[in-house]
Amino acid sequence: MFQLKNVKYKNILDIKQLSIPANKITCVVGESGSGKTTLLRLLNKMINCTEGEIFYNNNAISTINSIELRRKVVMLPQVPAIFSGTVRDNLLIGLKFAEEPLVDDEKLSEVLNMVHLDKPLDEDADKLSGGEKQKLALGRVVLMDPEIFLLDEPSSALDEDTEQIIIEKLVHYTKKTNKTLIMVTHSRKIARTYADNIIQIKNGKVLNQKGE
């Protein structure tokens with residue numbers, strides 16, 4: 001799905017060769033500051049590599065329209081944006097940005113259940129806790145139904161038990177719908193339990209890759 005060849009980004013990343021397979025769960029692990037988030041941002045052209053080339057389905061992403069790419073490859077940052085308005089408004093806003101058809105409340109409630117957020121759709125999103133906002137943003141990304149989820153520490157604001165429940169549901173959903181999940185995680189346990197493919201990054205270089 002993704003191929004990186006001689007990719008450099010400033011003095012942060014230097015990757016000679018890396019393959020990320022389609023329809024698999026890939027976890028990216030490494031110390032803080034090693035370049036994990038930078039790698040995710042390169043995969044949907046939030047930033048562009050300084051040198052080298054990244055290929056998506058054998059096409060150089062430098063030749064792909066950025067907006068079209070981000071409709072297929074959706075990234076959820078570690079501190080996601082929460083917009084003024086209700087839980088419902090926040091769930092639907094991703095579909096509005098992507099100019100996709102909106103969904104009904106039943107579908108929204110289904111997604112809230114999946115991300116373990118027990119809040120009414122009319123609740124003011126600003127009143128949610130940090131962990132609840134993270135769940136809400138994750139639900140928004142799921143609703144957008146992309147080919148690829150790029151998730152940067154999607155459970156960092158959650159307690160360990162909730163993290164386990166949500167990651168398990170997300171992995172199940174990804175496999176059931178034949179999607180691809182690429183996730184930066186601080187938890188080696190999560191990576192060992194759920195990943196088909198583990199990429200370890202240290203000082204901007206790929207130290208090793210298991211699975212694929």
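Basis for what follows: all heavy atoms, side chains included, without hydrogens, waters or symmetry-related copies. Just so you know, these numbers come straight off a predicted model, no measurement behind them. All residue numbers refer to positions in the sequence shown, counting from 1.
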Note to self: Quick one, Arg140 and Phe83 - any side-chain contact, counting heavy atoms below 4.5 Å?
What the structure shows: yes
Next item on the list: State, with a plain yes or no, whether a side-chain heavy atom of Lys175 is found less than 4.5 Å away from one of Ile25.
Entry: yes
Notebook entry, point to check: If you draw a 6.0 Å radius around CG in Asn65, do more than 12 non-hydrogen atoms from other residues or ligands fall strictly inside?
Noted result: yes
Checklist line | Between NE2 on residue His172 and OH on residue Tyr194, distance to nearest 0.5 Å | finding: 12.0 Å
Checklist line | Point-to-point distance, once rounded to the nearest 0.5 Å, from OG of Ser19 to CD1 of Ile199 | finding: 9.0 Å
Check: Any chain of hydrophobic side-chain contacts (each under 4.5 Å) joining Leu76 to Met46?
Finding: no
Next item on the list: Please round to the nearest 0.5 Å and tell me the distance separating atom NZ of Lys169 and atom CE of Met114.
Entry: 8.5 Å
Next item on the list: Look only at the side chain of Lys24 and the backbone of Ile182, and say whether a donor-acceptor pair between them is shorter than 3.5 Å.
Entry: no
Check: If we only count heavy atoms from C-beta on, is the Tyr9 to Leu42 side-chain gap below 4.5 Å?
Finding: yes
Notebook entry, point to check: For Ser109, what residues pass the side chain to side chain contact (heavy atoms under 4.5 Å, CB included) criterion, not counting sequence neighbours?
Noted result: Leu121
Notebook entry, point to check: Short question: side chain of Asn6, backbone of Gly52 - any donor-acceptor pair under 3.5 Å?
Noted result: no
Next item on the list: Might you confirm whether atom CG of Asn203 has over 12 heavy atoms from other residues, nucleotides or ligands at distances under 6.0 Å?
Entry: no
Next item on the list: Output yes when Asp152 and Arg41 qualify as a salt bridge under the 4.0 Å nitrogen-oxygen rule, no when they do not.
Entry: no
Next item on the list: Write down the atom of Glu163, the atom of Ser187, and the distance for their closest heavy-atom approach.
Entry: OE2-CB, 4.3 Å
Notebook entry, point to check: Which atom names give the shortest non-hydrogen contact between Gly204 and Ile15, and what distance separates them?
Noted result: O-CG1, 4.1 Å
Next item on the list: Name all residues meeting the side chain to side chain contact (heavy atoms under 4.5 Å, CB included) criterion together with Ala195; count only those two or more places apart in sequence or in a different chain, and write none if there are none.
Entry: Cys27, Ile198
Next item on the list: Check whether NZ of the Lys or CZ of the Arg Lys179 lies under 6.0 Å from the centre of the six-membered ring of Tyr173 and within 45 degrees of that ring's axis.
Entry: no
Note to self: Tell me whether Leu40 shares a hydrophobic cluster with Ile47, the cluster being built from Ile, Leu, Val, Met, Phe, Trp, Tyr side chains joined at under 4.5 Å.
What the structure shows: yes
Note to self: Working to the nearest 0.5 angstrom, can you tell me the gap between Lys210 NZ and Arg192 CZ?
What the structure shows: 9.0 Å
Item checked: Closest approach of Leu95 to Pro101 (non-hydrogen atoms, all atoms of both residues) -> CD1-O, 3.7 Å
Check: Quick one: side chain to side chain contact (heavy atoms under 4.5 Å, CB included) partners of Lys135, sequence neighbours excluded?
Finding: Val115, His116, Leu117, Leu158, Thr162, Ile166
Next item on the list: Start with the C-alpha distance between Leu170 and Leu138, add both sets of side-chain angles, then the distance that settles side-chain contact (heavy atoms from CB on, under 4.5 Å), and finish with yes or no.
Entry: CA-CA 9 Å; Leu170 190 57; Leu138 183 57; 4.2 Å; yes
Margin query: Looking at every non-hydrogen atom in both residues, tell me the closest pair between Ile201 and Ser34 and how far apart they are.
Written below: CG2-O, 3.2 Å
Check: Should Leu102 and Val74 be counted in the same cluster of Ile, Leu, Val, Met, Phe, Trp and Tyr side chains packed under 4.5 Å apart?
Finding: yes
Item checked: Taking every non-hydrogen atom, the tightest pair across Thr38 and Ile12 -> OG1-CG2, 3.6 Å
Checklist line | Heavy-atom side-chain proximity of Gln17 to Gln3 below 4.5 angstrom | finding: yes
Notebook entry, point to check: At what distance, to the nearest 0.5 angstrom, does CG of Leu112 lie from CD of Glu123?
Noted result: 11.0 Å
Checklist line | salt bridge (charged side-chain N to carboxylate O under 4.0 Å, His left out) evaluation trace for Arg71 with Glu99 | finding: CA-CA 10 Å; Arg71 283 176 178 163; Glu99 298 178 347; 3.5 Å; yes
Next item on the list: Indicate the atoms forming the closest heavy-atom contact of Pro80 with Lys133, along with that distance.
Entry: CG-O, 4.4 Å
Next item on the list: Establish, from distance only, whether the side-chain atoms of Thr37 and Gln78 form a donor-acceptor pair under 3.5 Å.
Entry: no
Margin query: Looking at Lys36 and Glu153, is there a salt bridge between them, counting it only when a charged N and a carboxylate O are closer than 4.0 Å?
Written below: no
Check: Under a 4.5 Å cut-off applied to non-hydrogen side-chain atoms, are Thr193 and Lys189 in contact?
Finding: yes
Note to self: Can you list everything that forms a side chain to side chain contact (heavy atoms under 4.5 Å, CB included) with Val73? Sequence neighbours excluded, please.
What the structure shows: Phe2, Asn44, Tyr56, Leu69, Ile148, Leu150
Margin query: One pair to check against side chain to side chain donor-acceptor pair (under 3.5 Å): Thr180 and Glu147. What are the steps and the verdict?
Written below: CA-CA 6 Å; Thr180 300; Glu147 290 179 8; over 6 Å; no
Margin query: I'd like to know if Val142 and Leu128 are part of one continuous hydrophobic network [Ile/Leu/Val/Met/Phe/Trp/Tyr, side-chain heavy atoms within less than 4.5 Å].
Written below: yes
Check: Around Glu160, counting heavy atoms of other residues, nucleotides and ligands shown, do more than 12 lie under 6.0 Å from its CD?
Finding: no
Notebook entry, point to check: Just wondering, do Leu143 and Val103 contact through their side chains at under 4.5 Å, heavy atoms?
Noted result: yes
Check: Taking atom NZ of Lys10 and atom OG1 of Thr50, what is their separation to the nearest 0.5 Å?
Finding: 7.0 Å
Check: Are Asp122 and Thr86 close enough that a side-chain donor and a side-chain acceptor fall under 3.5 Å?
Finding: no
Margin query: Salt bridge check, Lys119 against Glu132: does any charged N sit closer than 4.0 Å to a carboxylate O?
Written below: yes
Next item on the list: State which residues pass salt bridge (Lys or Arg N to Asp or Glu O under 4.0 Å) with Lys8; sequence neighbours excluded, sorted by chain then number.
Entry: none
Next item on the list: Go through the steps for Asn59 and Ile64 under the test side-chain contact (heavy atoms from CB on, under 4.5 Å), then give the verdict.
Entry: CA-CA 8 Å; Asn59 296 306; Ile64 302 173; 4.1 Å; yes
Next item on the list: Please examine the side chains of Ile167 and Met183, heavy atoms only from C-beta on, and report whether any two atoms are closer than 4.5 Å.
Entry: yes
Note to self: I want to check something: taking the side chain as every heavy atom from C-beta on, are Val184 and Leu151 in contact at a cut-off of under 4.5 Å?
What the structure shows: no
Note to self: Do Gln209 and Asn197 pair up side chain to side chain, a donor and an acceptor below 3.5 Å, judged on atom types alone?
What the structure shows: yes
Notebook entry, point to check: If you look only at pairs with a residue in residues 101-113, which of them pass as a salt bridge (charged side-chain N to carboxylate O under 4.0 Å, His left out), with sequence neighbours excluded?
Noted result: Arg88-Asp105, Lys107-Glu110
Checklist line | Shared hydrophobic cluster for Leu13 and Leu4 (ILVMFWY, side-chain gaps under 4.5 Å) | finding: yes
Next item on the list: Verify side-chain contact (heavy atoms from CB on, under 4.5 Å) between Asn48 and Ile61, making sure each step is shown before the conclusion.
Entry: CA-CA 9 Å; Asn48 294 309; Ile61 70 167; 5.9 Å; no
